[in-house]
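Structure first, commentary second.
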Amino acid sequence: QDVPPYTEDCRSGTYPPSGPTYRGDVSWYTVNLDQPPSDRWRKIISDKKQPLTAMMQHIKDLTKYIFHTEKLIDLVDTKLPGLVGKLPPPFDEEIKGIADESGLPLGEVMLFNIFYEIFTV
Amino acid sequence: CTSVVAEDTSGKLLHARNLDFGLFLGWDVKNSTWMISELLKPLVVNVNFQRNNKTVFVSTGFAGYVGMLTGMKPGILTLTMNERFSLDGGYIGVLEWILGIRQGAWMSFLTRSVLENATSYEEAKTLLSKTVLLAPAYFILGGNQSGEGCVITRSRQSCLDIWELDIQKGKWYVLETNYDHWKPPLPIDNRRDPAMKCMNRTTQKNISIATIYDMLSTKPVLNKLTTYTTVMSVSENKLEGYLRDCPDPCMPW
């Protein structure tokens with residue numbers, strides 16, 4: 001894996017982060033676990049609604065492009081919501097709260113949360 | 001992804017990771033970036049999970065994703081997970097789950113439960129190595145005492161290996177990318193050797209948050225899939241997350 005300039009010798013002096021490989025600090029939020037699960041993520045989701053919707057839309061566009069059909073998306077939107085209740089608590093209610101706050105279809109929010117298992121395909 | 005747990009000469013543990021994701025999910029020719037990686041970056045958040053106004057654990061994650069990929073339970077443990085590929089993969093687990101066979105745990109819900117409920121490194125190690133999963137995974141776990149660092153290689157049903165720090169034998173760090181540590185990585189995706197070369201050059205005497213961040217900033221450990229870098233110190237109760245870019249020329253993975 002030595003393919004200069006795509007690989008480089010060990011960097012130094014990169015911390016504190018700055019320069020072209022640093023896009024910014026990650027912002028902090030608090031989730032109150034004493035709240036009902038469906039309310040915990042409301043603040044974060046109301047701040048991140050737009051990028052979350054954009055990311056979901058890209059996944060849908062990609063699915064349509066690869067499989068040349070919207071059937072898979074329909075399946076996600078119609079069938080997955082029936083399975084959310086089978087997820088272990090508190091994740092089922094947290095995912096419902098995220099769908100409610102973001103306005104995204106429940107099936108798509110669930111798909112995002114099980115993407116690791118799906119993606120291993 | 002690249003995760004590492006390292007112990008410095010004073011016995012302090014450091015845990016850090018690059019979260020790389022979005023391979024083959026759309027390439028933006030104009031900007032020479034992976035579309036999903038770019039769409040994920042605005043979603044990266046650090047979250048302080050509290051109960052009774054006290055911190056239970058902190059994490060770096062994606063808004064909308066309730067599972068955990070990177071987290072720290074202050075004073076107790078640090079945990080990251082890296083993707084593991086196997087023919088007996090998650091899609092089989094998902095099919096079984098949909099068909100009603102529900103023994104397996106969803107990977108990121110397990111990590112979230114460990115961060116929320118485990119009270120020690122040993123308890124976390126037991127949960128992460130023994131819980132039946134829906135998908136294979138690597139769990140990289142750090143504790144709060146000397147020698148408490150390991151990479152747990154998991155198949156869906158069992159624990160294939162636990163690779164631990166062994167300071168007496170000079171093994172002061174364990175580093176995991178996305179390949180079983182006892183096998184060579186894919187030659188076209190060997191981020192392990194460049195990362196280990198930098199760790200070895202740093203030496204245990206000089207390891208710190210800054211020098212670990214240096215290693216994670218070295219191409220191809222830093223690549224086009226890298227969305228964020230998080231560095232954690234359980235003894236200093238520090239979790240820092242940074243959004244990353246990899247300007248050309250840069251490896252696509």
Side-chain angles (χ1 to χ4, degrees), chain A residues 1-17 20-34 41 44-45 47-48 50-52 54-56 58-59 61-62 65 83 86-88 90-91 94-95 98 102 104 109 112-121, chain B residues 25-26 35-36 39-52 56 60 63-67 83 85 89-91 93-94 98 102 106-109 134-136 187 190-191 193-194 197-198 201 209-210 213-215 217-220 222 228 241-247 249-251:
Chain A
Q1 187 82 356
D2 267 337
V3 205
Y6 292 93
T7 62
E8 59 195 350
D9 203 0
C10 300
R11 300 284 312 273
S12 63
T14 65
Y15 185 91
T21 66
Y22 165 67
R23 183 183 288 195
D25 286 15
V26 175
S27 38
W28 277 93
Y29 288 86
T30 295
V31 163
N32 180 354
L33 296 171
D34 296 317
W41 297 91
I44 292 178
I45 298 304
D47 286 2
K48 298 288 186 177
Q50 190 281 325
L52 184 57
M55 206 271 303
M56 294 290 202
H58 174 75
I59 297 271
D61 295 345
L62 192 68
Y65 174 75
L83 291 170
K86 304 281 193 284
L87 293 175
F91 307 112
E94 289 190 6
I95 287 171
I98 288 166
S102 62
L104 286 164
V109 177
F112 180 47
N113 276 276
I114 63 174
F115 204 76
Y116 175 79
E117 279 78 6
I118 303 275
F119 189 63
T120 59
V121 177
Chain B
L25 293 176
M35 292 175 178
I36 282 283
L39 286 164
L40 282 171
K41 290 178 189 178
L43 292 173
V44 180
V45 289
N46 285 332
V47 182
N48 182 337
F49 288 84
Q50 294 191 343
R51 189 167 276 129
N52 303 322
V56 178
T60 304
Y65 190 80
V66 301
E83 184 154 22
F85 303 101
Y91 54 98
V94 172
I98 287 175
R102 297 199 174 122
W106 298 93
M107 179 283 303
S108 66
F109 296 168
L134 289 179
N190 181 358
R191 285 164 283 117
D193 290 348
K197 178 179 78 173
C198 297
R201 193 179 293 181
I209 280 187
Y213 188 86
D214 286 340
M215 180 274 287
S217 301
T218 300
K219 299 172 189 173
L222 177 75
Y228 69 80
Y242 301 102
L243 295 176
R244 303 310 303 265
D245 280 326
C246 194
C250 173
M251 285 295 280

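Computed from heavy atoms alone, side chains included, the values below leave out hydrogens, waters and symmetry copies. Owing to the predicted nature of the structure, the values given are computational and were not obtained by experimental measurement. Sequence lines set the chain letters: A, B, ... in the order given, protein chains first and strands last, and positions in each chain run from 1.
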Go through the atoms of [X] and report whether side chain, backbone, both or neither lie under 4.5 Å from a heavy atom of chain B.
| X | answer |
| --- | --- |
| A:P16 | neither |
| A:L62 | side chain |
| A:D61 | neither |
| A:P4 | neither |

Item checked: Greater than 12 external heavy atoms within 6.0 Å of A:Y6's OH -> no

Just how far is it from atom [atom1] of [X] to atom [atom2] of [Y], taken to the nearest 0.5 Å?
| X | Y | atom1 | atom2 | result |
| --- | --- | --- | --- | --- |
| A:M55 | B:L40 | CE | CG | 5.5 Å |
| B:Y213 | A:R11 | OH | CZ | 9.5 Å |
| A:L87 | B:F109 | CG | CZ | 5.0 Å |
| A:Y22 | B:D245 | OH | CG | 11.5 Å |

Check: Do B:F49 and A:W41 have ring centres separated by under 6.0 Å?
Finding: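 So the answer is yes for these two rings.
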
Under 4.5 Å, counting heavy-atom pairs only, tell me which of [options] racks up the most with chain B.
| options | result |
| --- | --- |
| A:Y29, A:Y65, A:F91 | A:F91 |
| A:I44, A:V109, A:I114, A:N32 | A:I114 |
| A:I45, A:T30, A:V31, A:L83 | A:V31 |
| A:L104, A:I98, A:T21 | A:T21 |

Count the heavy-atom pairs under 4.5 Å between each of [options] and chain A, then report the option with the highest count.
| options | value |
| --- | --- |
| B:P136, B:C198, B:P249, B:A63 | B:P249 |
| B:R51, B:K219, B:M107 | B:K219 |
| B:R102, B:M35, B:E83, B:K197 | B:E83 |
| B:T60, B:I98, B:N52 | B:N52 |
| B:G67, B:C250, B:G89 | B:C250 |

For a 4.5 angstrom cut-off between non-hydrogen side-chain atoms, does [X] reach [Y]?
| X | Y | result |
| --- | --- | --- |
| A:Y15 | B:S217 | no |
| B:R201 | A:D9 | yes |
| A:D25 | B:Y242 | yes |

Shortest non-hydrogen separation from [X] to [Y] and the atoms involved:
| X | Y | answer |
| --- | --- | --- |
| B:V44 | A:S27 | O-OG, 4.4 Å |
| A:E117 | B:A135 | CG-CB, 3.7 Å |
| A:I95 | B:V66 | CG1-CG2, 4.2 Å |

Next item on the list: Would you kindly say whether B:D214 and A:T14 are connected by a side-chain donor-acceptor distance under 3.5 Å?
Entry: yes

Notebook entry, point to check: Using non-hydrogen atoms only, which part of B:L25 is less than 4.5 Å away from chain A: side chain, backbone, both, or neither?
Noted result: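 Backbone plus side chain of B:L25, per the 4.5 Å heavy-atom cut-off to chain A.
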
Margin query: If I measure from the heavy atoms of chain A, does B:V94 come under 4.5 Å with its side chain, its backbone, both, or neither?
Written below: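 Contact with chain A is through the side chain of B:V94 alone.
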
Next item on the list: Could you check whether the rings of B:Y65 and A:F112 sit parallel, tilted or perpendicular, using 30° and 60° as the cut-offs?
Entry: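 The rings of B:Y65 and A:F112 stand perpendicular, inter-plane angle above 60°.
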
